[in-house]
Amino acid sequence: MDWELLGYKEYPFSVNPISLNTLELFTGHNEEIIICKNILNDKNIRLVIEGACGVGTTSFANYLKIFSQKKQLYFSPRDEVSVEKNWNLESLLTAVISTIVRELEITHGKEVNKNSVFKEAKSLSYRLSEAYNTFGVTAFSFGGNYGKSSTVSQPTFVPSTTLIHHLQDLGKLALKLGYKNGILIQLNNLDVNIIHTEEHLEYLFNAARDSFQIDNISWFLVGDIGLRSFISKRVDRLDDIISDEIFINPLNKPVYHELIDKRLNYYKIDKNVKFPLEKEIFEYLYDVTGGRLRYIFGLIYALTNRLNIGKIIQTVSTDLAKATITALTKERMQKFNLSTGEEELIKTLVKQGESNVVNLAKKTRKNRSFVSRTINKLLGAGVVTMRQESNQRIYAPSLDAKIAFLELTQAKR
């Protein structure tokens, strides 16, 4: 898609999180921002930031990191550490140190290149990168099929105690560079039962507990809904030292439309140009996704390309957009090659909105073992999602499944 022909510098709705270059596009969450700015005046914080996938938790954390760096409160690497599902403590600490070293070299190269702490951390980072690559990994994202025992099957090239000492020294270096509270690290992908099994995340948090208490190092722990509850129930040692938690809800509709307008105006080449999608389409996308921005932006991109906007079609009606979006999601669902029984279960879940295995078994008139086995398969494929509520697992359809079978819920009404 040539966006310049449509009057825009580039696609206005990138799914990439807010960065230093796009900071002025950040919109909303004013109350949460005020709370977090107060928290950032302290040192050695452990802040949990959670919200549904795609609502903007990473952008929210990025905004706070950039703020804290500008105010010289924290040295805050621009890159978050995306915690992979097979990491052990040593791989986590290695990724953290490498992220700090990379950012120090970019922002303070002249000041730190002769500093012994920085040189030792940089040398260690390079050696470990080579070692992990030799073992068969890339950028600390482990390949291979480790299964449930992955947490003990990974290599340990440097003891965690050595890595912790390097992290301590880097924290002191940040103070010398003028950052009042040291270093702020953002850990992403802490999604229970989506990226990580409960067992693995429990192991990793318990193993990292002492690392989370290193002086002059603060942490953002960013994950999906249920992260704070999981820590409270399964990781007592970490629960005791969490500073606070922030829940990120989807933007309300007025703020959502403010964000849309802000992005369109930011990327416009010609101030008189009009975006080819009607406002009603943005309303529809908000309603069917529950305000999940990343998913909305992805659908807009797919929609504009699918309809050859600017070549065949100049403006898109609401009816055409709805039909195209439904077709797109149905195509995505077809890739899963669902059996009749699996599709029936998903359709039932779409009608219900969310449900547990017992109720699904009643609705579909299937035995519980079949429903449990099938729902776990669909969960692994990403066709359904799951959240823990007390002792129950509550399942919901993915957004693709919800939109693909949207007529079922409309018929229900």
Side-chain angles (χ1 to χ4, degrees), residues 1 3-4 6-37 49-68 70 78 80 186 188 220 222-225 246-305 307 309 315-316 318 321-322 324-325 328-329 399-400 402-403:
M1 175 70 70
W3 286 98
E4 289 188 4
L6 293 176
Y8 294 89
K9 290 180 283 187
E10 58 185 84
Y11 178 56
F13 302 109
S14 169
V15 297
N16 294 330
I18 290 295
S19 66
L20 182 61
N21 294 331
T22 57
L23 189 65
E24 63 188 277
L25 295 179
F26 184 82
T27 307
H29 305 300
N30 295 331
E31 292 182 9
E32 293 86 354
I33 289 291
I34 291 170
I35 292 169
C36 290
K37 283 182 176 179
I49 301 172
E50 71 171 72
C53 180
V55 300
T57 50
T58 299
S59 287
F60 179 85
N62 285 354
Y63 179 89
L64 292 173
K65 284 194 306 179
I66 295 168
F67 163 81
S68 67
K70 284 184 174 180
R78 70 195 70 190
E80 67 271 11
Q186 178 178 337
N188 269 31
F220 284 167
V222 183
D224 206 342
I225 294 173
I246 294 292
F247 189 87
I248 302 300
N249 285 303
L251 299 176
N252 61 39
K253 272 194 179 180
V255 178
Y256 164 71
H257 284 296
E258 177 189 338
L259 177 145
I260 298 298
D261 291 340
K262 186 183 289 188
R263 282 178 169 266
L264 290 175
N265 290 327
Y266 180 84
Y267 287 103
K268 274 182 182 179
I269 297 172
D270 178 357
K271 66 178 182 179
N272 295 316
V273 73
K274 184 178 179 182
F275 198 69
L277 303 188
E278 299 174 354
K279 182 178 179 180
E280 288 75 14
I281 296 173
F282 287 100
E283 286 269 338
Y284 169 75
L285 288 169
Y286 181 95
D287 290 338
V288 297
T289 65
R292 306 268 280 273
L293 295 176
R294 189 167 66 217
Y295 195 81
I296 291 171
F297 294 169
L299 280 177
I300 294 171
Y301 186 80
L303 178 65
T304 53
N305 280 283
L307 294 177
I309 292 176
T315 58
V316 181
T318 303
K322 288 181 178 180
T324 306
I325 290 167
L328 281 167
T329 54
L399 288 176
D400 275 345
K402 178 183 174 182
I403 296 172

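If you're wondering where the values come from, they're calculated on a predicted model, not measured in any experiment.
The line from CD1 of I269 to CD of E10 is 10.0 Å long, rounded to the nearest 0.5 Å. Taken to the nearest 0.5 Å, the OG1 atom of T289 stands 7.5 Å off from the NZ atom of K402. Note that CG of D287 is 9.0 Å distant from CD1 of I296, once rounded to the nearest 0.5 Å. The distance from atom SG of C53 to atom CZ of R292, rounded to the nearest 0.5 Å, is 5.5 Å. Here the CG atom belonging to L299 is positioned 10.5 Å from the OG1 atom belonging to T304, to the nearest 0.5 angstrom. Atom CG of residue L6 and atom NZ of residue K274 lie 14.0 Å apart, to the nearest 0.5 angstrom.
Taking both residues in full, the closest heavy atoms of Q186 and V222 are given as CG-CG2, 4.0 Å, listed atom of the first, atom of the second, then distance. Closest non-hydrogen pair, G7 versus V273, comes out as O-CG1, 3.8 Å. The two residues G51 and D224 have their closest heavy-atom pair at O-OD1, 3.1 Å. Of all non-hydrogen atoms in K268 and K271, the two that sit nearest each other are NZ-O, 3.5 Å. Between I281 and A321, the closest heavy-atom pair is CD1-CB, 3.6 Å. The two residues P12 and F275 make their nearest non-hydrogen contact at CG-CE1, 4.1 Å.
Proximity of V288 to Y295: side-chain heavy atoms (C-beta onward) are nowhere separated by under 4.5 Å. Residues I18 and L23 are in side-chain contact: their nearest non-hydrogen atoms beyond the backbone lie under 4.5 Å apart. Taking the side chain as every heavy atom from C-beta outward, F60 and I33 approach each other to under 4.5 Å. Looking at I248 and I246, their side chains come closer than 4.5 Å, going by heavy atoms from C-beta outward. Side-chain contact between R78 and I66: absent, with no pair of heavy atoms (C-beta onward) separated by less than 4.5 Å. You'll find the side chain of T324 stays beyond 4.5 Å of the side chain of V316, heavy atoms only. With a 4.5 Å cut-off on side-chain heavy atoms, H29 and Y63 do not count as touching. Side-chain contact check for H257 versus L251: every heavy-atom pair is 4.5 Å or farther apart.
Under the 6.0 Å distance and 45° angle rule, K9 counts as a cation-pi partner of Y266. Judged by the 6.0 Å distance and 45° axis criteria, K37 is positioned over the aromatic ring of F67.
Contact check on E24 versus K262 returns no salt bridge, with no Lys/Arg side-chain nitrogen under 4.0 Å from an Asp/Glu carboxylate oxygen. Of the charged side-chain nitrogens involved, none lies within less than 4.0 Å of a carboxylate oxygen, so that D261 and K279 do not count as a salt-bridged pair.
Partner I300 forms a side-chain contact (heavy atoms from CB on, under 4.5 Å) with one of I325, L277, V15 and no other, that one being L277. Residue P17 is tested with N62, T57, N188, T22 for a side-chain contact (heavy atoms from CB on, under 4.5 Å); the sole match is N62.
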Please step through side-chain contact (heavy atoms from CB on, under 4.5 Å) for the pair E283 and E278, ending with a clear verdict.
CA-CA 9 Å; E283 286 269 338; E278 299 174 354; over 6 Å; no

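Sparse packing is recorded around NZ of K70, with 12 or fewer heavy atoms of other residues, nucleotides or ligands lying under 6.0 Å away.
With ring centers used as reference points, F297 lies 6.0 Å or more from Y11. Aromatic rings from F282 and F13 are positioned such that their centres are separated by under 6.0 Å.
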